[in-house]
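What you are looking at is a predicted structure, and each value in this text was computed from that prediction instead of being measured. Numbers restart at 1 for each chain; the letters A, B, ... are given by sequence-line order, proteins then strands.
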Amino acid sequence: MAARAARAATIADRLAVVHPGASCSLDFDSPYQLVIATILSAQCTDKRVNLVTPQLFARWPDPRSLAAAKPAQVEGVIRSTGFFRAKAKSLLGCARGLVDRHGGEVPTTLEELVRLPGVGRKTANVVLGSAFGITSGVVVDTHVGRICRRLGLTKHTDAVRAERDLVRLVPRDHWIGFSHRLIEHGRTVCPARGPRCEQCPLADLCPRVGVKTARPAR
DNA sequence: ATCCCGAGGG
DNA sequence: CCCTCTGGAT
């Protein structure tokens, strides 16, 4: 549908003005660190993840050391990110997968990444895009899905179906930037609760059905 | 009470 | 398809 593609282009252009340098807000300085940080980011703010990763990477600086770590010790360090047992299990399994199948390096294809414990399509897209500069798809996280539904770019709540719509609407070379700007927009202007519609550059494109404006001023 | 840059398991 | 995992923030 050409009309929706034009709408998507308008949205992408305006977000590029407001969030020009939007990028991954997780702290990392290697692909290994980004994989770990992104696994931890599930149902958790990046800010919270950035609070625990320095300790994590200081104690277990590479896949080999992390694969040999005691689960209980890892759980202790990552506890505040929530889902700490499942996440610790994923981290150890992921580290083991990196060592066993990839010589301790992070693979650069979606198929290999998704095979690692704790790494789903969203995490794989983030890692490929931000650690390697590889465009593999649109990152559809909770923000991207919610905003694109509000704006009528997709009707799907399922992330895979939403992504299928978005990759058709947005030119391939804009996929990563579009993703990061939507995520930034979601964090700063259009969160699930209390969207700040009065300062949203997309307000005229948004139905805002049943959306309450932030803060009843008191 | 509901949401946070999800993923795995039944 | 659903359910579960979990602490922190609002």
Could you tell me how far apart A:Leu40 (CG) and C:dG7 (C1') are, to the nearest whole angstrom? 13 Å

Nearest to side-chain heavy atoms of A:Ser80, which nucleotide of C:dG8, B:dC5, B:dC3: C:dG8

When all nucleic acid strands are considered with a 4.0 Å heavy-atom cut-off, which category describes A:Val140: base, sugar-phosphate, or nothing? nothing

Between A:Arg187 and A:Glu184, is the closest basic N to carboxylate O distance under 4.0 Å? yes

Proximal nucleotide (of B:dC5, C:dC1, B:dC4) relative to the A:Arg187 side chain: B:dC5

What is the distance from CD of A:Gln43 to C1' of B:dC3, rounded to the nearest Å? 8 Å

Side-chain donor-acceptor contact under 3.5 Å, A:Asp62 with A:Ser65: yes

In whole angstroms, the gap separating C1' of C:dT6 from CZ of A:Arg79 amounts to 9 Å

Just N and O in the side chain of A:Thr142: are any of them under 4.0 Å from OP1 or OP2 of B:dC4? yes

A:Lys89 has an atom NZ; how far is it from atom C1' of C:dT4, in whole Å? 12 Å

With a 3.5 Å cut-off and no angle check, do the side chains of A:Ser25 and A:His180 form a donor-acceptor pair? no

For the P atoms, the ones on B:dA7 and on C:dA9, what distance do you get once it is rounded to whole angstrom? 23 Å

Looking at C:dA9, I'd like to know if its phosphate oxygens (OP1 or OP2) sit under 4.0 Å from a side-chain N or O belonging to A:Arg48. yes

Taking only side-chain nitrogens and oxygens of A:Arg85, does any of them come within less than 4.0 Å of OP1 or OP2 of C:dT6? yes

Measure the distance from CZ on A:Phe83 to C1' on B:dG8 and round it to the nearest whole Å. 11 Å

Pick the nucleotide of DNA chain B nearest each of A:Thr38 and A:Val114; which residue has the one closer to the 5' end? A:Thr38

Is there a donor-acceptor pair closer than 3.5 Å between any side-chain N or O of A:Arg149 and the backbone N or O of A:His156? yes

Keeping A:Ser41 on the side-chain end and A:Cys44 on the backbone end, is there a donor-acceptor pair under 3.5 Å? no

For B:dA7, take OP1 and OP2 only and decide whether either is under 4.0 Å from a side-chain N or O of A:Thr123. yes

Derivation and outcome, salt bridge (charged side-chain N to carboxylate O under 4.0 Å, His left out), residues A:Arg101 and A:Glu112: CA-CA 9 Å; A:Arg101 296 201 297 276; A:Glu112 292 173 306; over 6 Å; no

Phosphate-side-chain proximity, A:Arg193 and B:dC3, N/O vs OP1/OP2 below 4.0 Å: no

Taking OP1 and OP2 of B:dC3, is either one under 4.0 Å from a side-chain nitrogen or oxygen of A:Arg146? no

Distance in angstrom units between A:Ile36 CD1 and B:dA7 P, rounded: 13 Å

In whole angstroms, the gap separating C1' of B:dA7 from CD1 of A:Ile78 amounts to 14 Å

Just checking A:Pro117: base, sugar-phosphate only, or nothing, at a heavy-atom cut-off of under 4.0 Å? sugar-phosphate

Between B:dC4 and C:dC1, how far apart are the two C1' atoms, rounded to whole Å? 24 Å

Output the rounded distance in Å from CG (A:Asp141) to P (B:dC5). 7 Å

Work out how far the C1' atom of B:dC3 is from that of C:dT6, and round it to whole angstrom. 13 Å

